[in-house]
Amino acid sequence: MAVGSGLALYHILGVATCVALLYFSFGEVDLRHLSLPSVPAGSSSRAAMAAPFVERRGARLFLDGRPFYVNGWNSYWLMDQAVEPRTRNRVDRMFRAAAEMGLTVCRTWAFNDGAYNALQLAPGRFDERVFKALDRVVAEAGRHGVRLILSLANNLEAYGGKTQYVRWAWEEGVGLSASNDSFFFDPAIRDYFKVYLKTLLTRKNHLTGVEYRDDPSILAWELMNEPRCNTDPSGDTLQRWMEEMAAYVKSIDKRHLLTVGTEGFYGPTSPQGKVSVNPGYWHGNYGSDFIRNANISDIDFASIHLYPDNWLPHAKLDGKLKFVTQWITSHVEDGDKELGKPVLTTEFGLSHGVQGFDHSHRDVFYKAVFDIVYESAIRGGAGAGAFVWQLAVEGMEEFHDDFAVVPSERPSLYRLIKAQSCRLAKLRHGEGDEAKRTLSVCAGLL
Ligand SMILES: *[C@@H]1O[C@H](CO)[C@@H](O)[C@H](O)[C@H]1NC(C)=O
Ligand SMILES: *[C@@H]1O[C@H](CO)[C@@H](O)[C@H](O)[C@H]1NC(C)=O
């Protein structure tokens, strides 16, 4: 797990110089048009509905008639923290901090199945108190001009996950199997999940009066965080589940974009050579199959995740960076050539738990990811954006993992993230009048 050879440091210094130059190369940008007009919580539903939806046209996202490239972030804990008055202000603080960096989309959990502060207490039984917290998250996002990717279930055990659904089915005496993967094929569990989907999509926000399915501050639904089905490496079980649930979501909500939530591993049906892009041989056996999954007609865009520390534990930093470029570039190429759909890097993170970690490593890593998105944006490509895993506000260390960043505590990352927002905004608006109106967000970079 050793990181940081002399060679790697050399590389960092080189890139750091580029980063410094980058800060001076952004013109005046108006970020207001990047995102939603602010809608105060409690305002009429009409006002919220007048804001535009993000759409897909071919391999690009569009907003307001212009290509939309995302600088985004993950804060999985928003709903949970909005439940209790004591911690609620963290939601507002996070959105405010993100908006100040020009971030436009947040990916977060809209599920909590049977865990502490559960949204779903038992199959089909929901806690109104927690639903109100989610209402608040959606309304606050709109108020701060941020859009949400709402994830709908967890492959992992945190916040319930597929394990909880399987447990419920056992408890009710209807479960077919004890396997966690029966989440994907058990008819009773698939029905449970559909009840949750319908309840969520048709939920009327008590603050804005807008049903979730009609709310433009939601950018997309994500079927599941990191779906894997190791018990069927052919991928057929997972593929059938994705097709069924995608069709079900679209039968209720045709306005929002939909994605699966995959990590991007190439599976058995991949074109020749692609499987070797996986970080290791075993990653092809998780039952996920990137191109086949993303090619489902009800799926609007593909997603990949990126954890070089976990996936290549023995690589040095420069090896990890090489992988970063290969991984994203390969998938963006799939979006352009095979799928004709956008590809979003919905999680990327570098652990501070590895030996030899230095904060400058994150600067270099983030920069590498941001550059690929920016280059894709310049040429109108499928690399539609990237989401840092994960951002937090001060005083919530209990929610940190080895990847968490409090932007105000990391000035160089803060500047880097903001610089990415501003150069994407500038591309979006060109050199016209709109671009000349400076918003305070980017003024510090001039
Ligand atoms: C399901 O997953 C949980 C959590 O990873 C694990 O403890 C349990 O043993 C799994 N159940 C089966 C039947 O594999
Ligand atoms: C995607 O699906 C369509 C049918 O819906 C098929 O014709 C096409 O070959 C598929 N593409 C890939 C890359 O699998």
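Whatever order the structure lists ligands and atoms in, that order sets their numbers, starting from 1.
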Partners passing salt bridge (charged side-chain N to carboxylate O under 4.0 Å, His left out) against D336 (at least two apart in sequence or in another chain):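 So D336 forms a salt bridge (charged side-chain N to carboxylate O under 4.0 Å, His left out) with R379.
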
Within the 6.0 Å centroid threshold, strictly below: H331 and Y266: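 Yes, they do, as the ring centres are separated by less than 6.0 Å.
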
Side-chain heavy-atom pair N205, E211 within 4.5 angstrom cut-off: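 N205 vs E211: side chains apart.
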
Residue pair P52 / L63, side-chain heavy-atom distance below 4.5 Å: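 With C-beta onward as the side chain, the pair touches.
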
Non-hydrogen atoms of F183 and A153 that approach each other most closely: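 So the minimum-distance heavy-atom pair works out to CZ-CB, 4.4 Å.
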
Would you tabulate the polar-atom pairs, meaning N/O of ligand 1 against N/O of the protein, with distances under 3.5 Å, reported to 0.1 Å?
| from | atom 1 | to | atom 2 | distance (Å) |
| --- | --- | --- | --- | --- |
| ligand 1 | 2 (O) | N180 | OD1 | 3.4 |
| ligand 1 | 2 (O) | N180 | ND2 | 2.1 |
| ligand 1 | 11 (N) | N180 | ND2 | 3.2 |

Option among N180, N155, N154 that satisfies the side chain to side chain donor-acceptor pair (under 3.5 Å) test with K162: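 Among N180, N155, N154, the one meeting side chain to side chain donor-acceptor pair (under 3.5 Å) with K162 is N155.
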
Test of proximity, E338 against ligand 2: N or O pairs below 3.5 Å: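 No: no nitrogen or oxygen of E338 is under 3.5 Å from one in ligand 2.
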
Atom indices of ligand 2, in the order listed, that fall short of 4.0 Å to a heavy atom of N295: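 The atoms of ligand 2 under 4.0 Å from a heavy atom of N295 are 1 (C), 2 (O), 3 (C), 8 (C), 10 (C), 11 (N), 12 (C), 14 (O).
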
Enumerated ligand 2 atoms positioned under 4.0 Å from heavy atoms of I291: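 Ligand 2 atoms under the 4.0 Å threshold to I291: 13 (C).
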
V364 backbone acceptor or donor facing R362 side chain under 3.5 Å: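 Flag not set: sc R362 to bb V364 has no pair under 3.5 Å.
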
